[in-house]
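What follows is a set of notes on a single structure, which appears directly below.
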Amino acid sequence: MLMIATLFFLGFFFGLWFLITFLCMKVGGKLGQRLSFAWGKGFGSFMGFMLSMGGFIVYWIAEYWILQVRVTHLCETRGGTKIYLTPEEYRKKIGEEEWKNLHEIDKSIIKEDGINNLLFQGREYAPRGYENNRIRSFEIIGETHGIDETDIVYYDYKMHQVVFQTTTFGASSPSKLSSLEDLKFWLNNIKDCSSRDLPYEERFRIYQYTNLGKE
């Protein structure tokens with residue numbers, strides 16, 4: 001019911017907006033005919049369009065460019081995966097006996113587990129999940145100048161060491177409409193380094209640090 005009401009409101013709003021734009025263009029065209037140059041009518045219609053609708057388009061174009069520059073910079077300077085212990089180094093460090101018993105868990109950490117936040121490189125990460133017998137993941141989810149950030153560290157709690165870290169940045173339109181700001185569908189066309197675009201190896205790198213029964 002709420003979705004139907006929202007769609008009805010948006011349809012009414014845009015219908016009214018287009019009607020106002022059309023009227024502004026008509027009035028602008030008639031006023032433009034009074035100008036001394038030949039293309040005055042076209043100029044007046046254009047000004048009527050810009051007055052009612054064009055400003056939004058110019059603003060969105062500028063916003064798109066600014067967000068693209070921001071996310072490109074973040075991806076190049078902070079995005080990607082940082083390896084602090086390679087899978088081979090990790091296996092050697094914990095030993096073969098420990099490795100044999102290192103199995104996948106993939107379970108979320110809940111508040112009742114009593115696991116505190118992790119301070120790493122001056123940033124505080126919230127508990128996220130149990131990845132295997134030794135490794136827990138911690139994350140920071142936030143927004144940087146209109147760009148969504150997801151920063152996840154994978155931490156061996158027995159060695160008290162982060163083995164690797166994955167940081168992604170992205171901009172996308174919301175899946176649900178709650179305001180006119182959510183209509184920015186063009187955000188989905190921004191080139192970023194969000195988690196949805198990571199290759200399989202990057203998305204499931206934790207498998208390399210877990211004994212899946214393969215030698």
Checklist entry - Taking ILVMFWY side chains as joined if any heavy atoms are under 4.5 angstrom apart, and letting links pass through other members, which residues group with L198? => result none
Checklist outcome for this item: Those residues at least two apart in sequence (or on a different chain) that pass salt bridge (charged side-chain N to carboxylate O under 4.0 Å, His left out) with E149 are R78, R123
Item to check | Listed partners of K93 passing side chain to side chain donor-acceptor pair (under 3.5 Å), at least two apart | outcome: Q161
Item to check | Residue pairs fulfilling disulfide (SG to SG under 2.5 Å) with at least one residue in residues 68-143, sequence neighbours excluded | outcome: C75-C193
Item to check | Residue pairs fulfilling disulfide (SG to SG under 2.5 Å) with at least one residue in residues 118-170, sequence neighbours excluded | outcome: none
Next on the checklist: Taking the six-membered ring of Y157 as reference, does the cationic atom of R136 (NZ for Lys, CZ for Arg) lie under 6.0 Å from its centre and within 45° of its axis?
Outcome noted: yes
Donor-acceptor contacts under 3.5 Å from residues 111-118 side chains, at least two apart:
{"from": "D113", "atom 1": "OD2", "to": "I110", "atom 2": "N", "distance (Å)": "3.2"}
{"from": "D113", "atom 1": "OD2", "to": "Y130", "atom 2": "OH", "distance (Å)": "2.9"}
{"from": "N117", "atom 1": "ND2", "to": "E124", "atom 2": "OE2", "distance (Å)": "2.9"}

Item to check | Test item: side-chain donor near acceptor, D156 and Y90, under 3.5 Å | outcome: yes
Next on the checklist: Checking E98 now: which residues fulfil side chain to side chain donor-acceptor pair (under 3.5 Å) with it, not counting sequence neighbours?
Outcome noted: R134, K158
Item to check | Donor-acceptor under 3.5 Å (N133 side chain, N101 main chain) | outcome: yes
Item to check | Shared-cluster residues of I66, by chain and number - hydrophobic side chains joined below 4.5 Å | outcome: W65, V69
Checklist entry - Parallel, tilted or perpendicular: which describes the rings of Y154 and F164, with under 30° parallel and over 60° perpendicular? => result parallel
Next on the checklist: Other residues, nucleotides and ligands only: do more than 12 of their heavy atoms fall within 6.0 Å of NE2 on H73?
Outcome noted: no
Next on the checklist: Checking Q208 now: which residues fulfil side chain to side chain donor-acceptor pair (under 3.5 Å) with it, not counting sequence neighbours?
Outcome noted: none
Item to check | Pairing residues for F120 by the ring-ring contact (aromatic ring centres under 6.0 Å, His included) criterion, not counting sequence neighbours | outcome: Y84
Checklist entry - Do E104 and L212 have side chains that get closer than 4.5 Å, going by heavy atoms? => result yes
Checklist entry - Who pairs with S195 by side chain to side chain donor-acceptor pair (under 3.5 Å), at least two apart in sequence or on another chain? => result none
Checklist entry - Relative to the ring of Y200, is the ring of F204 parallel (under 30°), tilted (30 to 60°) or perpendicular (over 60°)? => result tilted
Next on the checklist: So, using ring-ring contact (aromatic ring centres under 6.0 Å, His included) as the criterion, who are the partners of F169 when residues are at least two apart?
Outcome noted: none
